[in-house]
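Note sheet for the following structure.
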Amino acid sequence: MKNVSNEFKEIIKKGGPFYAYADMVLSDGTELSLDSENDFYIDGNSYTESSGDGFPLGAALAKTIDIGIDNSDERFSKYDFYYARITLYTETDLPSGKIEKIKEGTFTVISALAPGDIIEITASDDMYKSDKEYTSKLDYPLPALRVLQEVCTQCDINLGSVSFTNDDFLVQKRPEGLTGRQVIGYIAQIAGGNALFDENNRLLIKTYDYSVFEQHELITGGQMGDGITDKISAGTFGDNLQNYISGGEFGENNSYHLLSEFASDPEIATDDVVITGISATGKEEDEEVTYLYGTDDYALAITNPLIEGEEEAAIKLIGDIVIGIIVRPFSGEFFPDPTIQFMDPVYLVDKKDNIYQSFITEHVFNYLGNSSLANATKSPEKNNSSYYSEATEVYRKSREEAKRNRIEWEKAMEELKDRVDNSSGLYMTKELQPDGSNIYYMHNKPTLEESMIVWKMTAEAMAVSTDGGKTYNAGLTVDGELIAKIMNTIGINFDWGVGGTLIIQTPSGEQTLYVNAKTGDVRIVATSFTLKGKSVEEIAEEQVNNFVSSVYDPKIAELQKQIDGQIETWYYDYQPTLSNIPASNWKTESDRAKHEGDLFYWKSKGYAYRFFKNGSTWTWQMVQDTDVTKALQQAAEAQDTADAKRRVFVVTPIPPYEVGDLWVGNSSSDLKRCQTTRSSGNYVSSDWIKAVKYTDDSALTAFVNGDFKETIEEVKTQADKKAETWYQSTDPSTAWTTTDLKNEHKGDIWFNTSSSVQKSYRWSGTAWQEMKTTPPDEVFDKIDGKAQVFVSTPKPPYEKGDLWFNSSTSDIMTCVTSRASGSYVSSDWQKRNKYTDDTKANEALEESKKARTLNIILDNEYQGIPTDANGNYNSFPECKTKVQVFFGALDISTSAAYKVTASSGVTGQWDDENRTYTVTALSKDSGYVDIQSTYLGLIATKRFSIVKQKQGLQGTSGKDGRTYYLQTSANVIKKVQEENYSRKN
């Protein structure tokens, strides 16, 4: 609902007229101003806000304008209107003699017919910018607000909603295959509303809120605000209606519209529509499930990929907003009202004075015409309990805007300039105080009472309100405290900061740091990271080395002589003796010998002890090595010590062992961690996994590039594009009884586990052929003896441990989630390593180096020198250019080297400190100065051109010209009411 003065409301009440006015900036920078009196054609000028059919939930609305420019004299034929920016206003003549304008927004021309007598133009607000593919660069899960911020950055859109309902809803997976506009709509749906742009081209997420209907359940005739006594929905106004519409004063009404004046009887549905529920479809254990919140009498069925995995939670959030909304569908031609906007609540009055509550889903405003208004919610029988968000698809595809990354500060400065250039002025009101001082109000309408934008200034503070002074959303106190929604700046110096979310990202939107104080989520994406001068890898390696070398001293070889080959660490909160646990349980000499070298950590004191034999006496000796004590302290804080002990094995572990136990000194030189507890029996290799990886996957890489390389190409031609591996003693080919089956298994690998064989074979399609080398263990699944190797995008069924040699990315992928049926899911597979050489990487590196080009920018590339007809000048004008040099996006002007070459005829000098060349004379008709810059071996050159602009020869005087003018008494004559006419001079 737009804010206008009471005089403007009187014009609405009388049926207009309203005129169009526009400021236009063409793509070449030419500026034009167009008005109804001189430039617009008499009809065909309108703007449209429409979400299409159905109850709008998740619509990403594009407001469009259609205007016709009178070109009968061909004065506009020379202009190219395509991609022009139009700031459109709706204006009217007030009884006071003033003109009041409403800013409708700024629109980009996406269609313009070839010049003729009328130039027909269609333009859209900035929603068209989002009609491009959205590729997220963030790590998920993420709050919906953060996703929306990234969309706006990628689409060069100014976000006006710094927060919105349900903005903390966590999107679990990265959106894929969607446009920016689709994502905007899906986020608006999560917020229980729709997305649209305001008059300043800021994207807003607007949530449904029709509490106004509850506040005005009863209203009476007469003055606005008294209310009308009869019931609202399907009630009757009676005799009070005419007084309400025609008589009395308007007073304050900024919460709804009353639709009672219409050009023809509107079409009104026979029944109200009441939203009773929200439903969505999800999956549970690969089975499709429909979730319903509320009842299915009139349930909106939504499709939203951003709620995948959280469907139940999402529909509850949405349902709590929209369930219970009562609306009466309608459509019709009404008296023109440019203050009506999409989603505005209305009271609709029919010719029998029945009144219904509804809201606007479509408004086509025709200048010098009517308002076509509608609520296109489907009736219950037509709705069939479903609404699909596909109805919110793109309104129109337009030429993709020139791609250029801009930082948020630049966008904010452009928006500020636009609002300063295109905004109306302010009125001033002074409020005298008892002490003789004044409180000052600056407001956007003639009186303070009818204004929505109010600036208030007192001795202590200055604040601004956008709701008529009820609340203030920004301000500044004399103490220097600034209150604002969004602050855009180049730099900040501060002593402390408190906040909810911190995001550091590149101008292109690639996130480096994300900190969410509410959830505790911290993410760092960095090419390098140091802590106290050390990288993460160095810190990790140091801790591992410290753990192995400090806690378990170099005498591991001696410890291996122990009976059980293991060291245990004990965590209790007392000083260890032979009389308390654990030593009290070691009854015999043999028991104590098994525990020689065990460590004990006194948790509250931070002391460490080692169990050893001093002569003939066993004792706990305090460890003097601070590294050992520190390592044990960290282990006590970080490790699972609930049972007060952890084992470290130095030979092949023999049960019992538990999850978290460690094994060092194994044949592979890896530090291994127990992942499966085993209380008895024998050692099982799969119980242990690498805790720290000392070696790479060179064996697997060699296998892929060696014996299996040709097999990959062969398998790609097969229907299932996969090979299977067999780890067993029996020949698997005995089950392949047909030629088709044998061909299907071409490329399969079998390791014959028979003790007498122990060899690897590859299936040729007819027989097993012995392989030159044995494939590494990773290729086989030794648990059930069977695994799969895919060479193209895997299709279920696949199981954990299966491999995928992705030739397009040169990655070896490992299946981490089994899937028995359905389609490929990317998160089921995890990158293992690269299996090709670095050729591609080096090529990409070279390409990236090329992208880091050297660019020179001159603030003046061309200057004309005014002269007489012979090329002479009385005094040479100021003529200079300043140089800026960029390496990619980095300004390296002060670091680059320069070489300046002037052509013959040019006299001037180079100021190296200010990087400026000044021309002082030009003896020829034209000349130039080449400025060359060198940086990191790159060279770029830019030319500054100077040309004499010679005056033409003086001609002889001709005869006086004659001009004829035809003037009319009026340009437009409109019939406003019966037998009444209005004209626009």
Side-chain angles (χ1 to χ4, degrees), residues 2 18-36 39-41 43-51 59-69 76 79-91 101-113 118-132 152 155-160 180-181 184 194-204 338-342 362-367 369 371-372 394-402 411 414-415 417-424:
K2 302 169 190 172
F18 300 101
Y19 309 97
Y21 178 87
D23 289 324
M24 183 181 296
V25 180
L26 305 183
S27 58
D28 64 359
T30 303
E31 297 183 2
L32 302 173
S33 293
L34 309 175
D35 59 51
S36 294
D39 305 301
F40 288 119
Y41 199 67
D43 58 13
N45 303 303
S46 64
Y47 65 76
T48 300
E49 298 174 289
S50 175
S51 62
L61 186 79
K63 183 176 180 178
T64 59
I65 62 173
D66 292 281
I67 57 176
I69 300 177
F76 295 110
Y79 298 122
D80 179 8
F81 289 99
Y82 192 77
Y83 220 58
R85 295 281 282 178
I86 302 174
T87 302
L88 180 69
Y89 301 86
T90 299
E91 64 178 21
K101 294 180 180 179
I102 303 175
K103 184 179 179 182
E104 300 296 344
T106 302
F107 305 84
T108 301
V109 176
I110 56 179
S111 175
L113 295 184
I118 302 175
I119 300 176
E120 297 178 1
I121 289 176
T122 297
S124 169
D125 65 16
D126 276 0
M127 188 63 82
Y128 86 94
K129 291 183 177 181
S130 64
D131 293 334
K132 56 186 287 189
C152 290
C155 298
D156 194 19
I157 288 173
N158 292 312
L159 178 58
R181 187 166 180 179
I184 291 171
N194 302 288
L196 67 162
F197 282 83
D198 66 7
E199 69 277 8
N200 295 308
N201 259 13
R202 297 177 304 175
L203 178 65
L204 304 179
T339 67
I340 296 176
Q341 293 179 289
F342 175 71
E362 180 177 301
H363 183 194
V364 180
F365 180 82
N366 297 285
Y367 291 97
S371 283
S372 297
V394 174
Y395 159 75
R396 184 190 295 269
K397 296 288 185 185
S398 64
R399 181 175 63 183
E400 187 169 326
E401 187 176 1
K411 291 199 294 184
E414 287 188 12
E415 181 186 359
K417 180 181 182 301
D418 179 68
R419 297 182 73 170
V420 170
D421 291 345
N422 295 304
S423 177
S424 59

Flag the pair [X] / [Y] as yes when at least one side-chain heavy-atom distance between them is below 4.5 Å, and no otherwise.
X: F18; Y: P338; value: yes
X: D23; Y: V25; value: no
X: Y21; Y: S36; value: no
X: N158; Y: L203; value: no
X: L34; Y: I69; value: yes

Restricting to non-hydrogen atoms, name the atom on [X] and the atom on [Y] that form the minimum distance, rounded to 0.1 Å.
X: E362; Y: S50; answer: OE1-OG, 3.1 Å
X: M127; Y: A60; answer: CE-C, 3.7 Å
X: Y89; Y: K103; answer: CD2-CA, 3.7 Å
X: K129; Y: D156; answer: NZ-O, 3.3 Å
X: E49; Y: L61; answer: CB-CD2, 4.2 Å
X: A59; Y: N194; answer: N-OD1, 2.8 Å

As an exercise, state the distance from [atom1] of [X] to [atom2] of [Y], rounded to the nearest 0.5 Å.
X: D39; Y: S33; atom1: CG; atom2: OG; answer: 8.5 Å
X: N45; Y: F40; atom1: CG; atom2: CZ; answer: 6.0 Å
X: I157; Y: N201; atom1: CD1; atom2: CG; answer: 9.5 Å
X: F107; Y: I67; atom1: CZ; atom2: CD1; answer: 10.0 Å
X: F76; Y: F81; atom1: CZ; atom2: CZ; answer: 6.0 Å
X: Y82; Y: S27; atom1: OH; atom2: OG; answer: 10.5 Å

- Message: Could you go through T108 and Y83, starting from their C-alpha distance and side-chain angles, then the distance that decides it, and tell me whether this counts as side chain to side chain contact (heavy atoms under 4.5 Å, CB included)?
- Response: CA-CA 6 Å; T108 301; Y83 220 58; 3.8 Å; yes

- Message: Determine whether R85 and D126 satisfy the following criterion, salt bridge (charged side-chain N to carboxylate O under 4.0 Å, His left out), listing intermediate values before the conclusion.
- Response: CA-CA 10 Å; R85 295 281 282 178; D126 276 0; 2.8 Å; yes

Between [Y] and [X], is there a side-chain donor-acceptor contact under 3.5 Å, judged purely by atom types and distance?
X: T87; Y: T106; answer: yes
X: T122; Y: D66; answer: yes
X: H363; Y: T48; answer: no

- Message: Using the rule given for side chain to side chain contact (heavy atoms under 4.5 Å, CB included), can you reason through E104 versus T90, listing the C-alpha separation, both sets of side-chain angles and the distance that settles it, and then say yes or no?
- Response: CA-CA 7 Å; E104 300 296 344; T90 299; 2.7 Å; yes

- Task: Might you work through the side chain to side chain contact (heavy atoms under 4.5 Å, CB included) test for Y79 and T30, ending with a clear yes or no?
- Result: CA-CA 9 Å; Y79 298 122; T30 303; 4.0 Å; yes

- Working for side chain to side chain contact (heavy atoms under 4.5 Å, CB included), residues M24 and E31: CA-CA 6 Å; M24 183 181 296; E31 297 183 2; over 6 Å; no

- Do Y367 and F365 have their ring centres less than 6.0 Å from each other? yes

- Counting distance only, does the side-chain N/O of N200 pair as donor-acceptor with the main-chain N or O of R202 below 3.5 Å? no

- Any salt bridge between K63 and D125, counting N to O under 4.0 Å? no

